[in-house]
Colleague: 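Sharing a structure here in structure tokens format.
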Amino acid sequence: MRYASIALDIPTRALDGTFSYAVPEALAQDVAVGATVLVSFSHRLAVGYVMGVSEEAPEGVDPGRLLPVEQVLAPPAFDEASARLASWMAGEYACPLCEAVRPFLAPGQKVRVTRPSEDAPWELVCERAGAVDARWAALTPSANDYVPPRTASRQRAVIEALRQGPQRVSELSATIPGASSAVSALARRGVVAVETRRVLRGGEGTTLSSAQAPRPDRLTAGQLAALSAIDEAREAARGDVVLVDGVTGSGKTEVYLAAIERALAAGRGALVLVPEISLTAQTVGRFRSRFGDDVAVLHSRLSAGERFDQWDLVRAGRARVVVGARSALFAPLADPGLIIIDEEHEGSYKQDKSPRYHAREVAARMAAERGCALVLGSATPSLESLRRCREGVFRDARWRRVEMPERPAGAALPRVTVVDMAEQFRGGGRSIFSAPLAEALRGVARRREKAVLMLNRRGFANFLMCRECGCVPECPHCSTALTYHERTHALVCHTCGRAWPVRAFPDPSTSCPSCGSRYLAAFGVGTQRVEDELAMLLPEGVEIIRMDADTTREKGAHQRLLERFDAAECAVLVGTQMIAKGLDFPEVTLVGVVNADTMLKLPDFRAAERTYDLLEQVAGRAGRGGRPGEVIVQTYWATHPAMRAVAAHDRAVFLDAELAERAEASYPPFSRLSNVVVWGRSERGVRAATDELARAVRERLGEAPGWEVLGPADCVKARVKDQTRRHLMVKAPVDADPGALLGACVGSLGRLRGINIAVDIDAYDML
């Protein structure tokens, strides 16, 4: 008899760990680590995931009392190393084990037990994407001697079509009515052979010129040093980390490609993560130009069927290089030699739903678990990574930083000009474009070059405000101001997505919801307005392309917009932060930042770091070809260290001031910061729950050194979708385990009806 340790798919903190079940003889071959099974739990059916299989019964348990596994619902999706990683994630990020397992499951798999009402019996719901096969027809040698009956015109047409080569039966049916039955008749006579072939959904190519990776004649000294360090870490096979700290355009992608070639030659695979879906077409094109069909792609904009096909290629061993966004980290790659995280500083690597993991931390644990190397690449590395490299060792792994300070072929970094918009205003400037930026844009149009304009705010204006009473329309369901979209004449809540039709001043129908005044005017700047102002500023023949969350909602929209920009002779790309990183267009000679202060004044200790990272990254889009680049940054805070550091291309100007402030206040990277958010429709219930949680945390901590509890307090977004939100923040020493403490404290509260609690370890979102 064999026994299985099973994680039940019941997301509650009350069920901690796995449960043991007996494996019936009939299912012995199918019950393996990673399989999805059906078991009985507490007199009802439940779905579970096999985390371990043993020949011996658990110690202290009577084997005869163990319930049997009822049914295998899905074949194994992960192996023992992934099972151990999922268990670590559950403890590290204070989430139920089943939620830590779900990222490892096959795309599209939704297996659960449910019931329509409390009185109805439990029912099994199983929805999962699967493989798609197509029927292909081909002539056999017998076709040379076969003569169709005089009345069998369809058979003759099918045979004639197949003489050109094998074809899909569906394609034959589209051109020859009734071809399917004719193929079946010919197959019975041995004239046609019919076989099924796997259909891979998706996988369209791209026309982006930057989606090619020609092999350079020689590597720079920085590239060679990085490649050597990566090889050393991979051969050590103990989870060592290499931070490739290279300026924008220094050729980090070529380092990744060369390192992967060596890993593949050693018989191992590679996982490559990029921070933005907009980068996948370019990155995948480069990797496929070097590795061909050995590359699989995984990201959220693929359909469930497309993701399953790519995932299954990896599971079958037909693709050994996986490229994608955050979730690609959990692809079933059997033996990775390298895990590469490009632009590792990006906040998009932090998951905002349970399990609230950070891809960098999970990748580091995975590298140690599988004996491979972790490569982090960025022109603006995170403060956490820089500190670990200075210390040399973190969690028993070696951390090493390699600098790449030069661009290949001697290309120079762009010249950066910081424009003080307060001075522009005092000098009579009222346009959203300063005089230097407007002149630079006209110069791009005259020279028939390309430019990139970034503003991290979509819509036409930030908000509408009544000039008589000062009223700013807010979402009635969320504590956020509504954003004005001029094209649709609507106020939109970017938190819950609701929209209300309205027209701004000077439209005569405008009316303030508070005092009735018609002077409800637009304030602030959004990407729509920048697009309109550009159309008035630039001559005809300059294509203006807007790229933000509104224009990229449809599948493939990122790629189509970038292909338009790439194909244009002279164009300006206007967008939010999704255009700020990774994109490589040699024709871009000008980058403009319309308002660099968008994130700088947010109530978040990482605001300055995020601003510096974003500005340095977007500045790197200029001058990547033969022509020199220019960057113009518009700001109302020109003396801020982040602005001065970007202007001088000197990170130390920003880091020295920022690290001093962080150390004094004991913020990351000098501590671990966790954020526990409590929300619900009852304000009284939410306040009672947060007060009780804070008391439990302080009681458990006592006088523990290095720990600090902040709050509870209202969230910055104190109301979202008609629900009150409060939070509690906990600072812990760098080597502490806040997940275990907070998980225990939240679990001690029991079930609170109508109250939701989210524990975010190493939090990035403080709002």
Colleague: With distance as the sole criterion, is a donor-acceptor pair present between the side chains of Glu344 and Ser385 under 3.5 Å?
Modeller: yes

Colleague: Between the side chains of Tyr636 and Asp420, does any donor sit under 3.5 Å from an acceptor?
Modeller: no

Colleague: Please tell me if the side chains of Val362 and Trp88 come closer than 4.5 Å, counting only heavy atoms from C-beta onward.
Modeller: yes

Colleague: Give the C-alpha distance, both sets of side-chain angles, the deciding distance and a yes or no for ring pair (Phe, Tyr, Trp, His ring centres under 6.0 Å) between His640 and Phe654.
Modeller: CA-CA 9 Å; His640 192 281; Phe654 165 72; 7.2 Å; no

Colleague: Any donor-acceptor pair under 3.5 Å linking the side-chain atoms of Glu533 with those of Ser431?
Modeller: no

Colleague: If we count only N and O atoms by modelled type, under 3.5 Å, do the side chains of Thr576 and Asp548 hold a donor and an acceptor together?
Modeller: no

Colleague: Can you see whether Glu616 engages Thr380 through a side-chain donor-acceptor pair at a distance of less than 3.5 angstrom?
Modeller: no

Colleague: Can you check side chain to side chain contact (heavy atoms under 4.5 Å, CB included) on Leu85 and Arg365, steps first, answer last?
Modeller: CA-CA 7 Å; Leu85 181 62; Arg365 179 75 180 195; 3.5 Å; yes

Colleague: Examine distances only and state if a side-chain atom of Arg387 and a backbone atom of Phe670 form a donor-acceptor pair shorter than 3.5 Å.
Modeller: no

Colleague: Please say which of Arg356, Arg672, Arg360 ends up in a salt bridge (charged side-chain N to carboxylate O under 4.0 Å, His left out) with Asp762.
Modeller: Arg672

Colleague: Step through it carefully: locate the ring centre of His358, locate the ring centre of Tyr93, and say whether they are under 6.0 Å apart.
Modeller: no

Colleague: So, does Thr690 use its side chain to make a donor-acceptor pair with the main chain of Pro712 at under 3.5 Å?
Modeller: no

Colleague: Can you check side chain to side chain contact (heavy atoms under 4.5 Å, CB included) on Met766 and Met729, steps first, answer last?
Modeller: CA-CA 9 Å; Met766 302 298 161; Met729 292 196 290; 3.7 Å; yes

Colleague: Leu273 and side chain to side chain contact (heavy atoms under 4.5 Å, CB included): which single residue from Leu298, Leu329, Asp342 fits?
Modeller: Leu329

Colleague: Does some side-chain heavy atom of Leu534 sit less than 4.5 Å from a side-chain heavy atom of Phe433?
Modeller: yes

Colleague: ring-ring contact (aromatic ring centres under 6.0 Å, His included) with Phe41: which residues, sequence neighbours excluded?
Modeller: Phe19

Colleague: Any side-chain heavy-atom pair from Gln424 and Val419 closer than 4.5 angstrom?
Modeller: yes

Colleague: Taking Asp714 first and then Arg719, would you say they form a salt bridge - that is, a charged N and a carboxylate O separated by under 4.0 Å?
Modeller: no

Colleague: Heavy-atom distance under 4.5 Å between the side chains of Asn595 and Ile432, does that happen here?
Modeller: no

Colleague: Kindly give the heavy-atom pair with the smallest separation between Arg698 and Gly711, and that separation in Å.
Modeller: NH2-O, 2.9 Å

Colleague: Less than 4.5 Å apart, any side-chain heavy atom of Leu520 and any of Met465?
Modeller: no

Colleague: Applying ring pair (Phe, Tyr, Trp, His ring centres under 6.0 Å) to His485 and His494, what does each step give before you reach the verdict?
Modeller: CA-CA 11 Å; His485 289 241; His494 288 172; 5.3 Å; yes

Colleague: Side-chain contact test, heavy atoms from C-beta onward, threshold under 4.5 Å: evaluate it for Glu661 versus Pro641 and give yes or no.
Modeller: no

Colleague: Write down the atom of Thr495, the atom of Lys721, and the distance for their closest heavy-atom approach.
Modeller: O-CE, 4.3 Å

Colleague: Specify the closest pair of heavy atoms between Glu99 and Pro11, including all atoms of both residues, with the distance to one decimal.
Modeller: OE2-CB, 3.5 Å

Colleague: Would Glu474 and Thr480 count as a side chain to side chain donor-acceptor pair (under 3.5 Å) here? Give the steps.
Modeller: CA-CA 6 Å; Glu474 289 189 351; Thr480 52; over 6 Å; no

Colleague: For Val676 and Ile757, what are the C-alpha separation, side-chain angles and deciding distance, and is it a side chain to side chain contact (heavy atoms under 4.5 Å, CB included)?
Modeller: CA-CA 7 Å; Val676 185; Ile757 302 178; 3.7 Å; yes

Colleague: Using the six-membered ring of Tyr357, assess whether NZ or CZ of Lys350 lies under 6.0 Å from its centre and within 45 degrees of the ring axis.
Modeller: no

Colleague: Do Arg726 side-chain atoms and Trp679 backbone N/O form a donor-acceptor pair below 3.5 Å?
Modeller: no

Colleague: Please determine if Glu554 and Arg560 form a salt bridge, counting it only when a charged side-chain N lies under 4.0 Å from a carboxylate O.
Modeller: yes

Colleague: Honestly, is Arg662 close enough over Phe605, meaning NZ or CZ under 6.0 Å from the six-membered ring centre and within 45° of the axis?
Modeller: no

Colleague: For residues His299 and Arg307, report the shortest heavy-atom separation together with the two atoms involved.
Modeller: O-CD, 3.3 Å

Colleague: May I ask you to check whether over 12 heavy atoms, not counting those of Asn756, lie within 6.0 Å of atom CG?
Modeller: yes

Colleague: With heavy-atom distances below 4.5 Å as the criterion, would you say the side chains of Leu105 and Tyr49 are in contact?
Modeller: yes

Colleague: Between the side chains of Ser666 and Glu708, is a donor N or O closer than 3.5 angstrom to an acceptor N or O?
Modeller: no

Colleague: Tell me, with the steps shown, if Gln634 and Ser434 meet side chain to side chain donor-acceptor pair (under 3.5 Å).
Modeller: CA-CA 7 Å; Gln634 298 184 165; Ser434 63; 2.9 Å; yes

Colleague: Yes or no on side chain to side chain donor-acceptor pair (under 3.5 Å) for His345 and Asp613, after CA distance, side-chain angles and deciding distance?
Modeller: CA-CA 8 Å; His345 65 279; Asp613 291 347; 4.6 Å; no

Colleague: Please output the side-chain donor-acceptor pairs of residues 736-755 that fall under 3.5 Å, not counting sequence neighbours, one pair per line with the distance.
Modeller:
from, atom 1, to, atom 2, distance (Å)
Ser748, OG, Cys745, O, 2.6

Colleague: Hey, are the side chains of Met643 and Leu600 touching, using non-hydrogen atoms and a 4.5 Å cut-off?
Modeller: yes

Colleague: Sequence neighbours left out, cut at 3.5 Å: what donor-acceptor pairs do the side chains of residues 499-516 make with other protein atoms?
Modeller:
from, atom 1, to, atom 2, distance (Å)
Arg503, NH1, His489, NE2, 3.1
Asp507, OD1, Ser509, N, 2.9
Asp507, OD1, Ser509, OG, 2.5
Thr510, OG1, Arg503, O, 2.6
Thr510, OG1, Ala504, O, 3.2
Thr510, OG1, Phe505, N, 3.4
Thr510, OG1, Asp507, O, 2.9

Colleague: Test Asp765 against Asn675 for side chain to side chain contact (heavy atoms under 4.5 Å, CB included), laying out the working first.
Modeller: CA-CA 8 Å; Asp765 182 6; Asn675 189 27; over 6 Å; no

Colleague: One thing to verify: whether Asp550 and Arg553 come together as a salt bridge, which I'm taking to mean a side-chain N less than 4.0 angstrom from a carboxylate O.
Modeller: yes

Colleague: When you look at OH of Tyr519, are more than 12 heavy atoms from neighbouring residues, nucleotides or ligands closer to it than 6.0 Å?
Modeller: no

